[in-house]
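Reading through the structure tokens given below for one structure.
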Number of protein chains: 2
Amino acid sequence: MDLYETIHRRRDVRGQFTGAPIPAETLTRILTAAHAAPSVGLTQPWDFILINDEGVKNAFHTHVQQERKTFESTLDAPTANRFATIKIDGILESTLSLAVTYDPTRGSPAVLGRHAIADAGLYSVCLAIQNLWLAATAENLGIGWVSFYREDFLTQLLNIPTGIRPVAWLCLGPVTHLEETPDLERHGWRTRRPLSKALHENRWTER
Amino acid sequence: MDLYETIHRRRDVRGQFTGAPIPAETLTRILTAAHAAPSVGLTQPWDFILINDEGVKNAFHTHVQQERKTFESTLDAPTANRFATIKIDGILESTLSLAVTYDPTRGSPAVLGRHAIADAGLYSVCLAIQNLWLAATAENLGIGWVSFYREDFLTQLLNIPTGIRPVAWLCLGPVTHLEETPDLERHGWRTRRPLSKALHENRWTER
């Protein structure tokens with residue numbers, strides 16, 4: 001699939017997962033694409049935990065539902081009503097979950113490009129996630145990034161060692177379709193900002 | 001260009017910039033691709049500062065050279081010798097620089113998906129950067145991410161308001177070619193890790 005077509009088709013999927021299997025060679029192409037991302041000092045500080053164990057998925061899903069309630073409790077009544085219509089995860093319906101982690105010790109101590117910006121390694125992990133997301137889209141699969149969780153819960157659930165940080169929980173799998181409009185816009189939560197408002201020339205300009 | 005071809009051709013460019021102009025419609029396609037990235041709560045918390053002012057570029061380049069020395073001073077002799085052969089930026093040779101920033105207030109206070117993970121907004125900015133990087137590659141342009149700088153220096157240089165965080169300085173422009181092998185591997189700094197070492201099943205496994 002063409003790059004631009006893939007970028008503009010990509011969606012953050014919650015409700016369209018079918019649960020159908022993912023061919024092994026498809027998954028390999030997707031993970032190889034993620035692993036080809038740029039990284040500070042060529043550290044490739046990411047790891048991918050592939051999760052199909054129902055017990056692990058169910059435990060995470062229960063935790064996410066609790067965090068949904070935590071967020072809901074911070075909202076005023078009209079906002080809470082709008083939120084009530086929005087599905088926030090496809091953990092149980094999607095074929096596979098992937099946890100993506102960041103290891104700051106990889107390539108240490110002399111990480112080229114990180115001495116002044118400690119978060120540069122974390123940024124690299126996100127670049128790999130976007131490669132993964134686009135590759136899945138090109139394979140006609142959906143990805144949904146779930147972020148209603150506490151990092152220490154996920155660390156314990158997946159036996160992630162101290163010092164390694166979970167960055168994302170992604171739901172992956174075949175979908176009935178990808179929506180044209182992002183879910184949060186379809187549900188009246190937010191509308192997209194015009195690109196022109198995000199552009200500045202030479203120095204920051206107040207908008 | 002095909003997505004997978006783009007992902008695998010993409011390089012972090014330092015030395016191959018020609019300085020030739022970028023057609024306006026090409027730049028618009030690239031920025032539109034960046035702006036189409038996913039974002040937590042549909043906040044689109046990124047801004048892009050397009051920099052062609054020679055004074056701004058020169059001031060940043062001088063700062064980067066100072067930070068190069070700071071990093072160099074932390075290295076043992078053999079590592080410093082290897083580092084001496086590695087070019088770390090193409091600020092002066094590339095056609096255009098882009099600073100990418102993160103605004104945590106966008107969509108606040110009720111950012112859907114960020115109550116438990118404060119960095120989720122920062123992650124969104126990185127997803128936009130990877131879209132931008134791939135789009136530039138598909139347009140046969142190079143991108144180089146420069147991270148030898150202090151955030152407070154860049155904030156002052158570009159009049160970035162308090163609370164808005166600079167995330168990246170990217171050099172963009174036509175190139176003579178893209179290298180097949182990443183610079184840091186070509187220069188013997190690091191070799192790439194096999195994908196298999198980054199994969200785990202259901203729970204973390206020590207490698």
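All chains are named by letter (A, B, ...) in the order of the sequence lines, taking the proteins before the strands, and each is independently numbered beginning at 1.
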Look at the side chain of D2(B) and the backbone N and O of M1(A), then say whether any donor-acceptor pair between them is shorter than 3.5 Å. yes
Contact origin within P194(A) toward chain B - heavy atom pairs under 4.5 Å: backbone
Best-contacting candidate, E5(B), K57(B), R11(B), E139(B), against chain A by heavy atom pairs under 4.5 angstrom: E139(B)
Side chains of I117(A) and F148(B) in contact at under 4.5 Å (non-hydrogen atoms): no
Heavy-atom proximity to chain B below 4.5 Å, by part of Y4(A): side chain
Looking at L127(B) and W133(A), what are the two nearest heavy atoms and their distance? CD1-CZ3, 3.9 Å
State, with a plain yes or no, whether a side-chain heavy atom of Q44(B) is found less than 4.5 Å away from one of R190(A). no
Whatever's closer than 4.5 Å to a heavy atom in chain A on V64(B) counts as neither
With a 3.5 Å distance limit and no angle check, can you tell me whether N202(A) reaches the backbone of N52(B) through a side-chain donor-acceptor pair? yes
Pick whichever of E185(B), R68(B), E201(B), R29(B) has the most heavy-atom pairs under 4.5 Å with chain A. R29(B)
Looking only at E206(B), R203(B), R193(B), the option with the highest number of non-hydrogen pairs under 4.5 Å against chain A is R193(B)
Looking at T74(B), L157(B), L134(B), T191(B), which has the largest count of heavy-atom pairs under 4.5 Å with chain A? L134(B)
Heavy-atom closest contact (W204(A) atom, I49(B) atom, distance): CE3-CD1, 4.0 Å
Sort out for me which of L122(B), I88(B), T205(B) touches chain A most, counting heavy-atom pairs under 4.5 Å. L122(B)
Under a 4.5 Å heavy-atom cutoff, which of A138(A), A33(A), P161(A), P182(A) has the most pairs with chain B? P161(A)
What part of R165(B) lies closer than 4.5 angstrom to a heavy atom of chain A: side chain, backbone, both or neither? side chain
Tell me the closest heavy-atom pair linking W189(B) and A110(A), and the distance in Å. CZ2-O, 3.4 Å
If you count heavy-atom pairs within less than 4.5 Å of chain A, which of W46(B), F83(B), F71(B) leads? F71(B)
Portion of R82(A) that has a non-hydrogen atom of chain B nearer than 4.5 angstrom: neither
Any side-chain heavy atom of T70(A) sitting closer than 4.5 Å to one from H115(B)? yes
Proximal component of V100(A), with respect to chain B [non-hydrogen, under 4.5 Å]: neither
Any side-chain heavy atom of Y123(A) sitting closer than 4.5 Å to one from I129(B)? no
By a 4.5 Å heavy-atom criterion (distance strictly below it), what part of I30(A) contacts chain B: side chain, backbone, both, or neither? both
With a 4.5 angstrom heavy-atom cut-off, could you sort out which part of L75(A) is near chain B: side chain, backbone, both or neither? side chain
Within the 4.5 Å heavy-atom criterion, are R192(B) and L42(A) side-chain neighbours or not? yes
So, for D47(B) and H200(A), which heavy atoms are closest and what is the spacing to 0.1 Å? OD2-NE2, 2.8 Å
Check: W145(A) and P38(B) side chains under 4.5 Å, non-hydrogen atoms: no
Is chain B contacted by the side chain of E151(A), its backbone, both, or neither, given a heavy-atom distance below 4.5 Å? side chain
Among A120(A), G41(A), A34(A), A168(A), which residue forms the greatest number of heavy-atom pairs with chain B at distances under 4.5 Å? G41(A)
Side chain from CB out, backbone as N, CA, C, O: work out which of these in T32(A) comes under 4.5 Å of a heavy atom of chain B, or both, or neither. both
Heavy-atom distance under 4.5 Å to chain B: side chain of L112(A), backbone, both or neither? both
Structural part of T101(A) lying under 4.5 Å from a heavy atom of chain B: side chain
Which answer fits V40(A), side chain, backbone, both or neither, if we ask what part of it has an atom under 4.5 Å from a heavy atom of chain B? side chain
Out of curiosity, C126(B) SG to D119(A) CG, how far, rounded to the nearest 0.5 Å? 8.5 Å
Quick one: closest heavy-atom pair of S147(B) and G113(A), and the distance? OG-O, 2.6 Å
Restricting to non-hydrogen atoms, name the atom on R10(A) and the atom on A36(B) that form the minimum distance, rounded to 0.1 Å. NH2-O, 3.2 Å
Between N131(A) and the options I7(B), L3(B), T6(B), the side-chain contact (heavy atoms from CB on, under 4.5 Å) test singles out I7(B)
Any H35(A) side-chain heavy atom under 4.5 Å of K197(B) side chain: no
